[in-house]
Amino acid sequence: MPSHHTDILVIGWGLAGLVATAEAVAAGKRVTIVDQEPRSNLGGQAWWSFGGLFFIDSPEQRRLGIRDSLELARQDWFGNAGFDRDEDLWPRRWAEAYLQFAHEEKRAWLREKGVGFFPIVGWAERGGYTATGPGNSVPRFHITWGTGPGIVAPFQAAVEDGEANGRVTILPRHRVTSLTVDRGVVTGAAGDVLAPSGAARGVASSREAVDTFTVTAAATIVSSGGIGGNHDLVRQWWPERLGTPPATMVTGVPAYVDGSMQPVSAAAGARLINGDRMWHYVEGIQNWDPIWPDHGIRILPGPSSVWLDATGSRLPVPLFPGFDTLGTLAHLRATGHDHSWFVLSQKIIEKEFTLSGSEQNPDLTGKDITLLAKSRLGKGAAGPVQAFMDRGADFVVRDSLDDLIAGMQALPGGDVLDADRVRFEVESRDREIDNDFTKDAQIAMLRSARAFRGDRLIRTASPHRILDPKSGPLIAVKLRVLTRKSLGGIETDLSGRALGAGGEPVAGLYAAGEASGFGGGGVHGYRALEGTFVGGCLFSGRIAGRAAATAV
């Protein structure tokens with residue numbers, strides 16, 4: 001049985017784990033990283049991400065005429081989070097600290113590491129309620145130049161430099177099954193050595209154990225991610241306020257995002273809170289070229305598509321594409337069906353459809369300016385979007401509305417679609433386009449969105465009749481619930497120390513990233529403002545790495 005000794009043990013090599021390791025190594029400590037996957041997965045979920053980051057009053061915002069402030073962002077964050085539990089003590093404190101970080105040091109810190117940002121700021125989670133309700137009052141979604149791999153790269157490089165000079169030991173295929181506790185102090189971990197695997201990044205690997213191992217450490221950081229790859233756990237923790245859990249879902253994260261370290265951490269004394277808070281999308285589509293089991297891709301929609309439930313009824317105000325993720329999820333779960341529909345035109349898909357994920361955005365991921373100009377500003381849908389139109393099981397493309405409806409009805413579950421209702425909703429919406437004023441709130445929002453230069457340039461199509469042949473062909477997309485993030489987790493203080501049932505620190509144990517609810521056990525509260533998951537891994541990993549290094 002292999003035994004290892006180190007200053008700091010990091011469990012999980014996603015972004016939070018890499019950041020924590022880099023910070024500890026910079027402080028002169030020896031670090032051992034263990035992960036159950038083969039080394040091809042170094043960087044974890046963040047590598048697959050779009051690399052969106054939440055900044056407040058950034059140069060990119062100011063150049064686009066966006067007037068943001070810490071006060072406005074705090075209003076949005078707390079209006080979104082809805083903190084209302086005793087367990088929200090530390091999440092509230094983490095939220096305040098993170099807002100300061102996003103306003104002040106975060107961007108400069110990343111720029112020093114060579115991370116750049118796309119100049120157009122996106123407007124995710126637009127809200128549509130009152131000033132104090134959910135949503136971002138202004139665009140704050142900054143895309144990393146290089147997407148997920150671009151944000152992972154500097155921290156991976158720092159870890160690998162540490163490995164080369166003997167400060168870091170990386171142990172792939174090591175699955176932790178228990179934390180070692182000696183007289184109330186966590187002193188490391190034990191677990192199984194899994195059989196070697198040549199699985200490519202993201203592809204599910206075996207869980208065959210061939211040996212056991214132990215690691216002794218003065219401090220242990222759990223950065224093992226959430227539960228989004230484990231549908232059984234998602235359903236177990238699914239909250240009543242979001243309706244009944246779907247019978248079928250697609251998966252937005254690899255299978256290794258399995259929540260396995262949560263019970264292990266709890267057994268060592270850590271308190272798990274807010275497990276019923278979660279973040280799943282309703283714009284999921286089946287990946288025509290899947291990498292992991294039930295692999296789904298999220299559409300990052302602009303605001304123009306008509307959104308219909310499974311029967312063909314239009315969703316109510318303000319549940320428009322890109323406005324309120326969990327509000328839309330709760331509404332759709334009450335319909336009794338696991339899917340819904342976008343109906344749109346070719347003109348809309350060319351301007352507004354982006355697919356989430358580094359592999360779906362080769363222009364941004366590859367930092368290819370020529371491809372970027374062609375895909376974002378040129379004629380036709382972007383290449384990855386066109387591939388889904390051509391091969392995706394959830395896309396219907398037709399020249400007439402009658403043919404489109406027939407194609408929708410031919411898909412699994414399409415038998416509940418009311419053709420007359422679809423026709424009524426789309427034709428009624430189109431009549432509202434003829435004037436510059438309207439009672440249709442979505443059309444009013446479109447015109448408002450185009451007042452923002454970024455939306456007008458690359459994100460929001462000019463308002464038009466969907467049934468106008470000059471804007472065709474017509475497109476329908478069958479949408480499914482796509483699992484993604486855990487908003488709860490291990491409760492931590494502002495040093496990243498795991499807390500026990502009585503609120504006291506569990507000696508020797510820290511947590512970061514999604515395993516800690518991105519800080520405190522749930523920094524987002526009930527809802528996220530987008531661009532805050534990757535940022536939460538950066539912030540909590542940095543704090544935990546520095547605090548553990550100081551304590552050792």
Which atoms form the tightest heavy-atom contact between Ala330 and Leu242, and what is the distance?
CB-CD2, 4.0 Å
State whether the number of non-hydrogen atoms from other residues, nucleotides or ligands found under 6.0 Å of Trp145 atom CH2 is greater than 12.
yes
Spacing of OG1 belonging to Thr532 relative to CG belonging to Leu538, to within rounding of 0.5 Å
11.5 Å
Under 4.0 Å between a Lys/Arg side-chain N and an Asp/Glu carboxylate O for Arg173 and Asp192?
no
Output the distance between atom CG (Leu300) and atom CD (Glu283), rounded to the nearest 0.5 Å.
8.0 Å
If a pair satisfies side chain to side chain donor-acceptor pair (under 3.5 Å) and one of its residues is in residues 107-126, list it, with sequence neighbours excluded.
Glu60-Arg107, Glu125-Thr325, Arg126-Asp455
What orientation do Trp48 and His295 show, parallel under 30°, tilted 30 to 60°, or perpendicular over 60°?
perpendicular
Could you tell me the separation between the CG atom of Leu326 and the CH2 atom of Trp279, rounded to the nearest 0.5 Å?
4.5 Å
Applying side-chain contact (heavy atoms from CB on, under 4.5 Å), name anything that partners Glu160, two or more places apart in sequence or on another chain.
Arg39, Leu42, Gln156, Glu163
Partner residues of Gln236 under the side chain to side chain donor-acceptor pair (under 3.5 Å) criterion, sequence neighbours left out
none
Within 45 degrees of the ring normal and closer than 6.0 Å to the centroid, is that where the cationic atom of Arg391 sits relative to Trp288?
yes
Between Val306 and Phe342, does the side-chain contact (heavy atoms from CB on, under 4.5 Å) criterion hold? Intermediate values first, please.
CA-CA 6 Å; Val306 172; Phe342 280 163; over 6 Å; no
Please confirm whether Arg277 makes a cation-pi placement over Tyr526, using NZ or CZ under 6.0 Å from the six-membered ring centre and within 45° of the ring normal.
yes
Do Asn361 and Thr147 pair up side chain to side chain, a donor and an acceptor below 3.5 Å, judged on atom types alone?
no
Classify the side-chain pair Ser58/Arg63 by whether it contains a donor and acceptor separated by less than 3.5 Å.
no
May I ask you to decide if the ring planes of His339 and Trp341 are parallel, tilted or perpendicular, using 30° and 60° as cut-offs?
perpendicular
Compute whether any side-chain donor of one residue and acceptor of the other, for Ser304 and Arg459, lie under 3.5 angstrom apart.
no
Please determine whether ring-ring contact (aromatic ring centres under 6.0 Å, His included) holds for the pair Trp94 and Phe539, giving the CA-CA distance in whole Å, both sets of side-chain angles, and the decisive distance to 0.1 Å.
CA-CA 10 Å; Trp94 272 87; Phe539 187 51; 5.7 Å; yes
Evaluate side chain to side chain donor-acceptor pair (under 3.5 Å) for Asp390 paired with Gln386, printing each intermediate quantity in order.
CA-CA 6 Å; Asp390 295 339; Gln386 186 63 52; 2.9 Å; yes
So, taking the atom named CD in Gln262 and the one named OG in Ser224, what distance separates them when rounded to the nearest 0.5 Å?
7.5 Å
Quick one: OG1 on Thr354 to CD1 on Ile143, what's the gap to the nearest 0.5 Å?
7.0 Å
Exactly one of Arg484, Arg298, Arg140 should register a salt bridge (Lys or Arg N to Asp or Glu O under 4.0 Å) with Glu530. Which one does?
Arg298
Looking only at the side chains, is there a donor atom on one of His231 and Thr251 sitting less than 3.5 Å from an acceptor on the other?
yes
Can you check ring-ring contact (aromatic ring centres under 6.0 Å, His included) on Phe533 and His524, steps first, answer last?
CA-CA 9 Å; Phe533 299 131; His524 299 96; 5.1 Å; yes
Can a donor-acceptor pair be found between the side chains of Ser462 and Lys347 at a distance below 3.5 Å?
yes
Which residue, Phe518, Phe141, Phe117, Trp77, forms the ring-ring contact (aromatic ring centres under 6.0 Å, His included) with Phe54?
Trp77
Please say whether more than 12 non-hydrogen atoms of neighbouring residues, nucleotides or ligands are located less than 6.0 Å from CD1 in Ile369.
no
Please say whether the positively charged group of Arg201, taken as NZ for Lys or CZ for Arg, lies over the ring of Trp47, i.e. under 6.0 angstrom from the six-membered ring centre and within 45 degrees of the axis.
yes
